[in-house]
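Computed over heavy atoms, backbone and side chain alike; hydrogens, waters and symmetry mates excluded. Residues: numbered from 1 along the sequence shown. For ligands, and for the atoms within them, numbers begin at 1 and follow the listed sequence.
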Amino acid sequence: MSGKRKDYISWDEYFMGVAVLSGMRSKDPNTQVGACIVSEDHKILSMGYNGFPTGCSDDEFPWEREGEPLENKYFYTTHSELNAILNYRGGSLEGATIYVTLFPCNECAKAIIQSGIRRIVYDSDKYETTPAVVASKKMLNAAGVVLQRYEHTNRRIELEL
Ligand SMILES: Nc1ccn([C@H]2C[C@H](O)[C@@H](COP(=O)(O)O)O2)c(=O)n1
Ligand SMILES: [Zn+2]
């Protein structure tokens, strides 16, 4: 037998796989989101997942979805996309692509646009009817960011760690 392997994973499978793995670090009991930012020449630049900011304890801040604003998670969580952008310490993200397991909200859309990211590959769009996502798409489209739904290949990857 000679020649190269033929069943290696594609770039899209690789980067979405890294985003999925990154999301597995999230402590959010309801929705775990992962993001992976990639350069035009297929280098991974940064990763992120949703969680509380540094210094805000996962055991003390609330993970609830309901209740008073100060008693639920929404004022406190940093989204995976923003974390991935802020985790990057290398300079410009101009021309990069972000792989993300859930379509970005309006706040992340602003950060994506302003950081110079030009393409979003996303998987779930479960909040597509919410104002946050409708506004997000409005801004991303106006800014010319390419939106691409991840095409599942149904490849199963098992990791023994
Ligand atoms: N594109 C997104 C959307 C949401 N998140 C985070 C924010 C929360 O931690 C969680 C959503 O919670 P749910 O309302 O589904 O209970 O996901 C994100 O990181 N990126
Ligand atoms: Zn967001």
May I ask you to list the atoms of ligand 1 that are less than 4.0 angstrom from any heavy atom of [X]?
X      : answer
Asp28  : 8 (C), 9 (O), 10 (C), 12 (O)
Pro104 : 1 (N)
Phe103 : 1 (N)
Asn30  : 13 (P), 15 (O), 16 (O)
Tyr127 : 13 (P), 14 (O), 15 (O)

Worksheet item: Hey, is OH on Tyr14 packed in by over 12 heavy atoms from elsewhere, all under 6.0 Å?
Response: no
Worksheet item: Are more than 12 heavy atoms from other residues, nucleotides or ligands located less than 6.0 Å from atom CE of Met47?
Response: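 No, because the 6.0 Å sphere around CE of Met47 holds 12 heavy atoms or fewer from other groups.
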Worksheet entry | Heavy-atom gap Cys108 to ligand 1 smaller than 4.0 Å | no
Worksheet item: Would Tyr49 count as a contact of ligand 1 if the rule is a heavy atom under 4.0 Å away?
Response: no
Item to complete: Check whether any N or O atom of Ser80, backbone or side chain, sits under 3.5 Å from an N or O atom of ligand 1, and answer yes or no.
Response: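 It does: an N or O of Ser80 is found under 3.5 Å from an N or O of ligand 1.
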Worksheet item: Counting both backbone and side chain atoms, is some N or O of Val33 under 3.5 Å from an N or O of ligand 1?
Response: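 Not met; the criterion fails.
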Worksheet entry | Candidate pair Glu13 and Arg155, rule salt bridge (charged side-chain N to carboxylate O under 4.0 Å, His left out), full reasoning | CA-CA 9 Å; Glu13 288 173 322; Arg155 186 197 290 272; 3.0 Å; yes
We want to know whether [X] and [Y] form a side-chain donor-acceptor pair, criterion being a heavy-atom distance below 3.5 angstrom.
X     : Y      : result
Asp28 : Tyr49  : no
Asn50 : Ser26  : yes
Ser10 : Asp12  : no
Thr31 : Lys126 : yes

Nearest protein heavy atom to [atom], by residue and atom, and its distance?
atom                    : answer
atom 11 (C) of ligand 1 : Thr31 CB, 3.7 Å
atom 17 (O) of ligand 1 : Asn50 ND2, 3.3 Å
atom 14 (O) of ligand 1 : Tyr74 OH, 2.5 Å

Discussion item. Once you restrict to heavy atoms under 4.0 Å, what part of Leu102 touches ligand 1? Side chain, backbone, both or neither.
Written reply: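 Under 4.0 Å from ligand 1, Leu102 contributes backbone and side-chain atoms.
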Worksheet item: Hey, is Arg65 touching ligand 1 through its side chain, its backbone, both or neither, going by heavy atoms under 4.0 Å?
Response: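 Side chain only.
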Worksheet item: Considering Glu66, Glu81, Lys73, Gln32, which one's heavy-atom position lies nearest to atom 2 (C) of ligand 1?
Response: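 That would be Glu81.
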Discussion item. For a 4.5 angstrom cut-off between non-hydrogen side-chain atoms, does Val38 reach Val121?
Written reply: no
Worksheet entry | Val145 side chain reached by Arg119 side chain, heavy atoms, under 4.5 Å |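 Of all side-chain heavy-atom pairs linking Val145 with Arg119, none is under 4.5 Å.
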Fill in: Ring center gap for Trp11 and Tyr99 short of 6.0 angstrom
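Centroid separation for Trp11 and Tyr99: 6.0 Å or greater.
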Discussion item. As a test of reading the structure, name the N/O/S atom of His79 that is nearest the Zn ion (ligand 2).
Written reply: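 It is ND1 of His79.
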